[in-house]
Peer 1: 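Once you've had a glance at the structure underneath, I'll fire off some questions.
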Amino acid sequence: MAGTVVIEFPSDYKFLNIVDLVCGEIVEGLCCGRDETNEIAISVIEACTNAIEHGNRQCPEENVRIVFRCEPGRLIVEVEDRGKGFDFKSYLEHIPDPSNLQHLRGRGIYIMKNMMDALRFEVMPGNGMKVTLEKNLPETAADAGSGVA
Amino acid sequence: MAGTVVIEFPSDYKFLNIVDLVCGEIVEGLCCGRDETNEIAISVIEACTNAIEHGNRQCPEENVRIVFRCEPGRLIVEVEDRGKGFDFKSYLEHIPDPSNLQHLRGRGIYIMKNMMDALRFEVMPGNGMKVTLEKNLPETAADAGSGVA
Amino acid sequence: MRIVTREKSGVVILDLQGKLMGGPDAEAFKGTIRKLLDAGCRKIVVNLHDIDWINSTGMGILISGYTTMRRSGGDLRLLNVSDKIQSILYVTKLNMIFRCYGDENEAVESFETP
Amino acid sequence: MRIVTREKSGVVILDLQGKLMGGPDAEAFKGTIRKLLDAGCRKIVVNLHDIDWINSTGMGILISGYTTMRRSGGDLRLLNVSDKIQSILYVTKLNMIFRCYGDENEAVESFETP
Ligand SMILES: Nc1ncnc2c1ncn2[C@@H]1O[C@H](COP(=O)(O)OP(=O)(O)O)[C@@H](O)[C@H]1O
Ligand SMILES: Nc1ncnc2c1ncn2[C@@H]1O[C@H](COP(=O)(O)OP(=O)(O)O)[C@@H](O)[C@H]1O
């Protein structure tokens, strides 16, 4: 069974409680370990806060859309906003050092990149930006990939 | 702010945990009383189990889609399946007595009708069935209708 | 749903865990009740403390257990009914039928006084 | 986010509640730290027990508090760091910087031994 769950919500941080809960519930159902569960939830929240803040600029009329695709052996999460995107190629080449205390910001993408197995950005001209997060799951989780506990 | 949250998931009861959580979180954010919160969550779960069981006949390729519309003064929840619908007009005219112990089933629609302020059915030919549940919210909740705690 | 069976002062307590919502759960529950009846048990307390959620189909499962027990001269009573379940019982008027308790000893002792 | 301030053996404990994620939270937190510094406080424990969730922007708020305190010869230490927050600290190597405690007394007493 292709377990795809979609959730769409206005660009308001208030809704991130829901995202956190849904994410936790889906990942728990995939029988991931505790560390993996945390890594996925943290990364999805980072992607969503970027979508709300940088993508949709907190405009509540613009939605954020998250697609969770539970495939055998991996979980793919797509986070879409309606913004213009950014020059992610050059950003990814020079990700700032996260341990630098001079910087109060700029750790979101670093965290996603280091916690997930794959991170992809895509600008859909006139259509927003899509961030794709992938996590490989252990073999036992692959079989459970069909559903949620 | 029009607070519309959409969630879409495969026709598997396993996903109802997520629905229950999302519903609870949204309704809590609307500052409803405890009784109203329970009534909404119970009714949405009834509508979803019907969508999975009767509408999509548990076919995991068919999704159930829920739209939560938080308007000032009320919450509207739409539950859509991809099934053929049923003759709800005649059903609504003869809803069975829920206290009849001979019947092990047939209480879902009765519960929704009695717990919500409005219940509407709509068959969208070739497109599935939509059940719309409405709950009026107290004045204080109306102002909070903009978001989620 | 998982069912754990235990005994206390001649009363069988069924601890239900997970979701209670028809389908395979119905068969499992009916099977348990049938076995308990065959073993001579007439007093059952269903503990709903660890039920995450229930729907009207799950309520039907409890009704079937209740009517089966009553027909055999026994009874089935509920323990630790959440407010959600209480709301369902209330709106369906099944609160007139099921005896509900918040305390395990109270539920067990309720069978002593007819 | 809500901030409750209390004192214990010369250490100020900040109990944070809710979500920690930049925006208005950053200003509120900075304001609290500034007032405490003005009042002569140099020892702060930030209790994260009631933080529902945090993101990297929220982490930035803690960093700003930490650097402000250090620059004034004080310190800011963390109490009740959940595994999620621990993972964020770890991956960003900020675990090398923040001292974390699981017990309130231990956190308070940690300021006694330099
Ligand atoms: N969805 C997005 N839309 C537009 N720009 C983005 C998006 N996500 C990230 N960015 C850009 O990438 C930069 C780095 O993001 P991140 O590492 O998450 O740190 P921060 O959000 O704290 O700046 C952001 O400052 C922003 O310019
Ligand atoms: N989404 C739906 N699609 C098709 N038929 C439905 C749907 N919802 C309800 N029904 C019909 O209405 C009947 C009554 O529903 P309900 O009161 O929820 O009780 P139950 O599901 O226990 O039968 C169902 O048996 C079914 O025939």
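Quick note on labels: first sequence line is chain A, next is B, and so on, each numbered from 1.
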Peer 1: Given heavy-atom pairs under 4.5 angstrom as the criterion, report whether the side chain, backbone, both or neither of A/R105 touches chain D.
Peer 2: side chain
Peer 1: Do D/L14 and D/V4 touch side chain to side chain, with heavy atoms closer than 4.5 Å?
Peer 2: no
Peer 1: Flag the one option from D/T67, D/I88, D/D52 with the top tally of heavy-atom pairs under 4.5 Å to chain A.
Peer 2: D/I88
Peer 1: Highest number of heavy-atom pairs under 4.5 Å with chain A: which of D/S64, D/S56, D/G60?
Peer 2: D/S56
Peer 1: Is it the case that D/N105 and D/K8 place a side-chain donor and acceptor less than 3.5 Å from each other?
Peer 2: yes
Peer 1: For chain A, find which of D/K84, D/M96, D/M59, D/M21 contributes the most heavy-atom pairs closer than 4.5 angstrom.
Peer 2: D/K84
Peer 1: Would you indicate whether the side-chain heavy atoms of D/I63 and A/R107 approach each other to under 4.5 Å?
Peer 2: yes
Peer 1: Does any part of the side chain of A/M129, heavy atoms only, come nearer than 4.5 Å to the side chain of A/F86, both counted from C-beta?
Peer 2: yes
Peer 1: Does D/R77 make a cation-pi contact with D/Y101 (under 6.0 Å, within 45 degrees of the axis)?
Peer 2: no
Peer 1: I'd like to know which of A/N114, A/T37, A/L101 tops the heavy-atom pair count under 4.5 Å against chain D.
Peer 2: A/L101
